[in-house]
Amino acid sequence: MLNLRNIAIIAHVDHGKTTLVDKMLIAGKLFKDHEVPGELILDNNDLERERGITIIAKNVSVRYKDVKINIIDTPGHADFGGEVERVLNMADGVLLLVDAFEGPMPQTRFVLQKALQLGLKPIVVINKVDKPNCRPEEVYEAVFDLMFALDATEEQLDFPVVYGSAKNGWMGPDYKTPAEDVTYLFEQIIRHIPAPKVSDGSLQMLVTSLDYSSYTGRIAIGRLQRGSLTSNMPVSLIKRDGTVLKSKVKEVFVFEGFNRLKVDKVEAGEIAAVTGIEGFEIGDTIADAENPEALPGIAIEEPTMSMLFTINDSPFFGKEGKFVTSQKIRERLEKELERNLALRVKETGTADSFMIFGRGVLHLSILIENMRREGFELQIGQPQVIIKEIGGKRHEPVEELTIDLPEEFSGKAVEAVTLRKGELMKMEPKGDRMHLEFIIPSRGLIGLRNYMLTATQGEAVMAHRFLEFQPYKGTIPGRSNGAIIALETGTAIPYSINNLQDRGIFFIEPGEEVYEGQVIGENNRPGDLAVNVTKTKKLTNMRSSGADDKMKIAPAKKLSLEEALEYIQEDEYVEVTPKSIRLRKIHLKASERERYKKAKDSA
């Protein structure tokens, strides 16, 4: 039996998880002396590198002395909970990474709760002890209290603690004396994380992840619970609904460093990748050909938010994207469903639009962002939370929200969250900042981050996690300001924008192409305002003094994809293409908008 440890790393966004994995890989001598690895080695997706967050769980392995350590890097954001719930099934223990100043955060709590429920043994790593005003001892107490609150067992509460700075490449038993490297962490993993428990019996492997290769097709990844797997071996595939299909393994791989290493045989306890099996899904069991026995499937929490995806039918459709048809969008969504467990797709009454359900705005916006980078054009409707009927009453998803911000802005934050039906649960100073905890409906979070960053001059740090469904809290006031809408199709003229600047903030630059019905800015007042920004200055043969002074046009406010999704109202779409993000009214003509408004008011 291989001397083996399977360990998942869990942490809040930006607590240094991927940096620590980098240092462990370097310490495990995965690189030759002449190779210079970059930073965030595991975040190989462009979006992950840009945003500094892990989105997709990944596997690598490191060898320390004679022990092979399989490391599973997990996302830290609750919107990617579907990823976390899958991969924790492969681990025997977890490294809980916590920032020495911030302490445990809501996202940490979410993943840690899952790990403790599965009976995994934790090792706590208190990172960033080189930061000024860090408080490692208080953070240690906070982690202990959190584990206690999450009903950790006696054995789980007796966790080892490692202090260090992943950035500076050291981990040790004492935060006051920096160590040479991260070997102390490896020693703790080998001492405290149990080797995989292997039960007797025929072959069993739960498919917890999948990959795709253009040469071999779909690859099933999971941990072998019992028995052994060899290449060209006949097996049974037990689907989640209980049906059994006969199949055959073609090749078997294990993870060695970053790569998959082809082997003839894999023993129980190891994490393996298998090719040749057709028609499998995440949650299926690969079992013995003669006596198939299923493993319990993966339970995934329900989605909390929905958005309408529809084809792009704006006047500018097809100018920038390669894939514009509903057929292409449908194929792409079906492909995403295979690996994105927390996603649901539902047909609507029409062939060219789909209802997509997910964990939150970030979860769905990552999908949209990936699609636009692949060359898709589509339009997205306003995010809606999912309302459930429980006991004859309407219930809506409620989240736990924490905001850390400078003390002078705390009043503004409390006021904004209370307006959105949030309740203040806790308010305490943390260093020179204020730490606020709220319970707030998921609806109230839409657009809140944007407002908070503006109100606190970019100082607020927000995090939230899904709590439960609670009775409907009533209406939440939407965007108070109306939209500025283009009246005609054409090029935006600097002269016109300059004359209209006092009406509001513009989202477009001079010289940009606009179309009738496009939302080109935010009105200073409630109610929509239609303007003609394509109008040029009338030329005369008279010159007046000072008339041609230089125009001072304020820079356009450019919305990111998430900001755009949170900004729009129910009568608006976000038009997404590989090069542009535009806002538009669903009904482009003013007469149609008027008719729609009248019909809505009379309903």
Side-chain angles (χ1 to χ4, degrees), residues 310-321 324 368-369 372 376-382 447 450 454 479-540 543-544 546-569 571-594 596-597:
T310 180
I311 58 165
N312 186 11
D313 60 358
S314 83
F316 291 172
F317 89 98
K319 285 189 174 180
E320 295 170 2
V324 294
I368 298 163
E369 185 64 47
R372 72 181 278 233
F376 282 86
E377 278 192 21
L378 66 159
Q379 295 183 140
I380 320 293
Q382 186 189 26
N450 205 6
T454 312
R479 187 174 83 204
S480 53
N481 293 14
I484 299 177
I485 306 162
L487 244 169
E488 287 186 20
T489 302
T491 306
I493 303 294
Y495 166 76
S496 296
I497 293 178
N498 182 49
N499 286 347
L500 293 162
Q501 279 191 114
D502 56 342
R503 296 299 185 91
I505 302 163
F506 280 90
F507 301 152
I508 55 161
E509 303 278 3
E512 222 173 283
E513 295 292 318
V514 297
Y515 56 79
E516 182 187 0
Q518 184 179 336
V519 174
I520 55 172
E522 182 177 356
N523 191 358
N524 284 336
R525 298 179 177 168
D528 292 344
L529 174 71
V531 297
N532 186 0
V533 286
T534 62
K535 193 163 66 176
T536 52
K537 183 181 178 184
K538 291 279 178 285
L539 299 176
T540 69
R543 294 191 65 169
S544 57
D548 288 333
D549 281 352
K550 283 200 173 72
M551 290 181 282
K552 290 189 178 69
I553 296 177
K557 180 182 178 183
K558 292 292 180 189
L559 299 177
S560 70
L561 180 58
E562 273 111 277
E563 286 168 347
L565 290 169
E566 292 183 342
Y567 181 81
I568 55 171
Q569 298 294 302
D571 64 336
E572 293 163 354
Y573 280 153
V574 177
E575 179 190 347
V576 178
T577 74
K579 292 181 186 165
S580 319
I581 294 172
R582 302 186 192 94
L583 308 186
R584 55 160 283 187
K585 289 289 179 185
I586 293 175
H587 302 283
L588 295 178
K589 297 208 176 307
S591 56
E592 287 174 10
R593 289 198 294 274
E594 201 57 47
Y596 167 77
K597 191 168 178 290

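These numbers come from the heavy atoms of this one structure, side chains and all, not from hydrogens, waters or symmetry mates. The first residue of the sequence shown is numbered 1, and numbering continues consecutively from there.
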Pairs involving residues 519-534, ordered by first then second residue, that meet salt bridge (charged side-chain N to carboxylate O under 4.0 Å, His left out) (sequence neighbours left out)
Asp528-Lys585
For Gln501, which residues count as a side chain to side chain donor-acceptor pair (under 3.5 Å) partner, sequence neighbours excluded?
Asn498
Without swapping roles, check the side chain of Arg593 against the backbone of Leu588 for a donor-acceptor pair under 3.5 Å.
yes
Those residues at least two apart in sequence (or on a different chain) that pass salt bridge (charged side-chain N to carboxylate O under 4.0 Å, His left out) with Arg372 are Glu369
With sequence neighbours excluded, what pairs up with Phe376 under the ring-ring contact (aromatic ring centres under 6.0 Å, His included) test?
Phe323
Taking only residues two or more places apart in sequence or in another chain, which ones pass ring-ring contact (aromatic ring centres under 6.0 Å, His included) with Phe507?
Tyr567
Given Thr310 and Tyr573, is the side-chain contact (heavy atoms from CB on, under 4.5 Å) satisfied, shown in steps?
CA-CA 9 Å; Thr310 180; Tyr573 280 153; 4.0 Å; yes
Tyr596: partners by ring-ring contact (aromatic ring centres under 6.0 Å, His included), with sequence neighbours left out:
His587
Could you pull out the closest heavy-atom pair between Ile380 and Ile568, with the gap in Å?
O-CD1, 3.9 Å
First locate atom CG of Asp502, then atom CG of Asn524, and finally report the distance between them rounded to the nearest 0.5 Å.
8.0 Å
List in chain and number order the residues that pass side-chain contact (heavy atoms from CB on, under 4.5 Å) with Ile311, two or more places apart in sequence or in another chain; answer none if no residue qualifies.
Ser326, Ile329, Asp352
Glu594: partners by salt bridge (charged side-chain N to carboxylate O under 4.0 Å, His left out), with sequence neighbours left out
none
Considering only distance and modelled atom types, tabulate donor-acceptor pairs under 3.5 Å from the side chains of residues 510-521, sequence neighbours left out.
| unit_1 | atom_1 | unit_2 | atom_2 | d |
| --- | --- | --- | --- | --- |
| Glu512 | OE1 | Glu509 | N | 3.1 |
| Glu512 | OE1 | Lys558 | NZ | 3.2 |
| Glu513 | OE2 | Thr491 | OG1 | 2.8 |
| Tyr515 | OH | Glu575 | OE1 | 2.6 |
| Glu516 | OE1 | Lys589 | NZ | 3.4 |
| Gln518 | OE1 | Tyr515 | N | 3.2 |

According to salt bridge (charged side-chain N to carboxylate O under 4.0 Å, His left out), who are the partners of Lys597, at least two apart in sequence or on a separate chain?
Asp601
Applying salt bridge (charged side-chain N to carboxylate O under 4.0 Å, His left out), which residue pairs with at least one partner in residues 310-319 are found, sequence neighbours left out?
Asp313-Arg584
Could you give the side-chain donor-acceptor pairs of residues 529-536 under 3.5 Å, partners two or more places apart or in another chain?
| unit_1 | atom_1 | unit_2 | atom_2 | d |
| --- | --- | --- | --- | --- |
| Asn532 | OD1 | Thr534 | N | 3.0 |
| Asn532 | OD1 | Thr534 | OG1 | 2.6 |

With a 3.5 Å distance limit and no angle check, can you tell me whether Glu377 reaches the backbone of Gly321 through a side-chain donor-acceptor pair?
yes
